[in-house]
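One structure is given below, encoded as structure tokens.
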Amino acid sequence: MATDTETDVFEEHRPVLMGVAYRMLGRVTDAEDVVQEAWLRWSAADRSEVREPRAYLVRVATRLAIDRLRQVKARGETYVGPWLPEPYVTDFGDTVPDTAEQAVLADSVSLAVLVVMESLSPLERAVFVLREAFGYPYADIAAMLDRGEPAVRQLAGRARRHVEERRPRYEVDPARRRDLTERFLAAAGGGDLEGLMSLLAPDVRLVGDSGGKTKAPLRVLESADHVGRFLVGIAERGVADITWRFLEVNGGPAVLVLSGGKPDSVFQLDILDGRIQSVYIIRNPDKLRALPAA
């Protein structure tokens with residue numbers, strides 16, 4: 001049985017464990033399961049042999065996440081329509097005082113980057129997360145994964161090239177993103193196609209994730225005309241008893257839409273040069289359960 005002191009040590013490191021597990025898996029529920037399993041292993045461990053609790057716990061969580069990711073890939077699960085990560089409520093402004101570090105963490109947990117990371121192997125994803133998001137030295141990552149340092153460096157380089165080649169460019173400044181999001185909401189909610197077109201980049205993409213369980217496009221919509229007309233169509237049909245509010249999701253401002261007081265969807269935008277480059281809409285009810293309704 002764990003003592004209060006041992007519990008306190010684990011709770012001190014819980015945020016970083018959740019951060020690693022979520023970036024590895026893109027699913028809040030799975031990440032929470034990994035953290036819970038890490039706690040069970042920590043509480044049963046011989047802590048007299050643990051010199052660095054944080055390193056030990058991150059190693060355990062990373063390996064558990066790799067195993068879970070391999071299981072998912074081995075099952076070859078199919079998903080109806082485009083896939084987006086489960087929204088993860090963040091608040092880096094309160095927990096990370098350094099603005100440069102905030103930007104790194106926000107980028108590493110962004111929807112755009114997590115989508116690209118889905119195509120990495122489990123080991124590549126682990127190395128990328130530990131190195132790029134948390135800044136671990138290659139030697140430490142090698143020890144965590146029981147790999148040689150040259151092999152880890154090779155994995156890191158391959159993963160970094162893959163992500164950089166495929167990730168869309170966007171601005172991370174939260175004030176600019178929020179301002180454009182407010183203007184987007186006003187135009188979309190009012191069915192103002194002309195206003196929307198002035199905000200959308202010509203090659204804007206709209207990615208809707210419903211998992212086949214509710215209404216959302218089953219393919220990615222491309223071009224300002226297609227995206228604008230789709231959003232105006234939503235406004236014209238309307239949603240019953242709708243309210244919305246801002247919250248920070250995946251390192252940036254997002255809009256939680258409530259219908260009848262229950263989460264209906266999450267909107268988030270990627271912007272560049274004052275125009276909306278991507279619109280993400282998450283409507284799969286399984287991915288909205290962890291979001292605060294009030």
Side-chain angles (χ1 to χ4, degrees), residues 1-72 88-109 113-114 117 120-160 163 251:
M1 182 177 296
T3 66
D4 289 344
T5 300
E6 291 154 358
T7 301
D8 290 343
V9 170
F10 185 86
E11 290 302 321
E12 176 187 351
H13 299 299
R14 180 184 288 273
V16 72
L17 301 182
M18 187 65 188
V20 169
Y22 174 76
R23 287 169 175 81
M24 284 286 298
L25 298 164
R27 302 162 182 84
V28 174
T29 304
D30 285 354
E32 289 173 340
D33 289 346
V34 163
V35 173
Q36 179 61 24
E37 180 63 26
W39 159 249
L40 294 175
R41 298 198 181 191
W42 169 251
S43 62
D46 180 359
R47 280 169 294 279
S48 66
E49 298 182 359
V50 178
R51 289 178 293 179
E52 296 289 344
R54 179 185 173 104
Y56 172 86
L57 289 168
V58 170
R59 175 178 180 173
V60 169
T62 300
R63 291 186 170 193
L64 289 169
I66 288 173
D67 288 344
R68 185 164 293 230
L69 202 55
R70 284 173 171 162
Q71 290 168 10
V72 170
Y88 181 39
V89 177
T90 53
D91 194 359
F92 296 134
D94 288 344
T95 59
V96 184
D98 184 272
T99 53
E101 188 177 353
Q102 285 179 28
V104 170
L105 285 171
D107 182 59
S108 71
V109 80
V113 169
L114 290 176
M117 285 169 57
L120 297 177
S121 73
L123 271 178
E124 287 172 339
R125 189 158 181 164
V127 171
F128 184 84
V129 167
L130 293 172
R131 179 65 182 175
E132 301 298 322
F134 294 94
Y136 278 98
Y138 290 114
D140 290 359
I141 299 172
M144 290 180 189
L145 301 179
D146 281 341
R147 293 289 192 279
E149 187 174 335
V152 166
R153 288 180 178 273
Q154 188 176 43
L155 284 166
R158 189 161 61 234
R160 190 182 304 113
V163 173

Please check: side-chain N/O of [X] versus main-chain N/O of [Y], any donor-acceptor pairing under 3.5 Å?
X	Y	result
Trp42	Glu6	yes
Arg158	Leu120	no
Arg131	Tyr136	yes
Arg70	Ile66	no

Say you draw a straight line from [atom1] of [X] to [atom2] of [Y]; how long is it, rounded to the nearest 0.5 Å?
X	Y	atom1	atom2	answer
Asp140	Glu149	CG	CD	9.0 Å
Met18	Tyr88	CE	OH	5.0 Å
Arg54	Leu17	CZ	CG	8.5 Å
Leu25	Glu32	CG	CD	11.5 Å
Leu64	Met24	CG	CE	10.0 Å
Thr62	Leu69	OG1	CG	12.0 Å

Give me the atom names and distance for the closest heavy-atom approach of [X] to [Y].
X	Y	answer
Val127	Leu145	CG2-CD1, 3.6 Å
Tyr22	Ala31	N-CB, 3.6 Å
Leu57	Ala38	CD2-O, 4.5 Å
Arg41	Tyr56	O-OH, 4.0 Å
Ala61	Val34	O-CG1, 3.6 Å
Arg23	Val129	CB-CG2, 3.7 Å

Exercise for the section: Quick one: do Arg27 and Val72 satisfy side-chain contact (heavy atoms from CB on, under 4.5 Å)? Show the steps, please. Expected result: CA-CA 12 Å; Arg27 302 162 182 84; Val72 170; 4.2 Å; yes

Practice task
For residues Leu114 and Arg125, determine if any side-chain heavy atom of one lies less than 4.5 Å from a side-chain heavy atom of the other.
Solution key: yes

Practice task
Check whether more than 12 heavy atoms from other residues, nucleotides or ligands sit under 6.0 Å from atom CD of Glu52, and answer yes or no.
Solution key: no

Practice task
Please list, chain by chain and in numerical order, all residues satisfying side chain to side chain donor-acceptor pair (under 3.5 Å) with Arg63, sequence neighbours excluded.
Solution key: Asp146

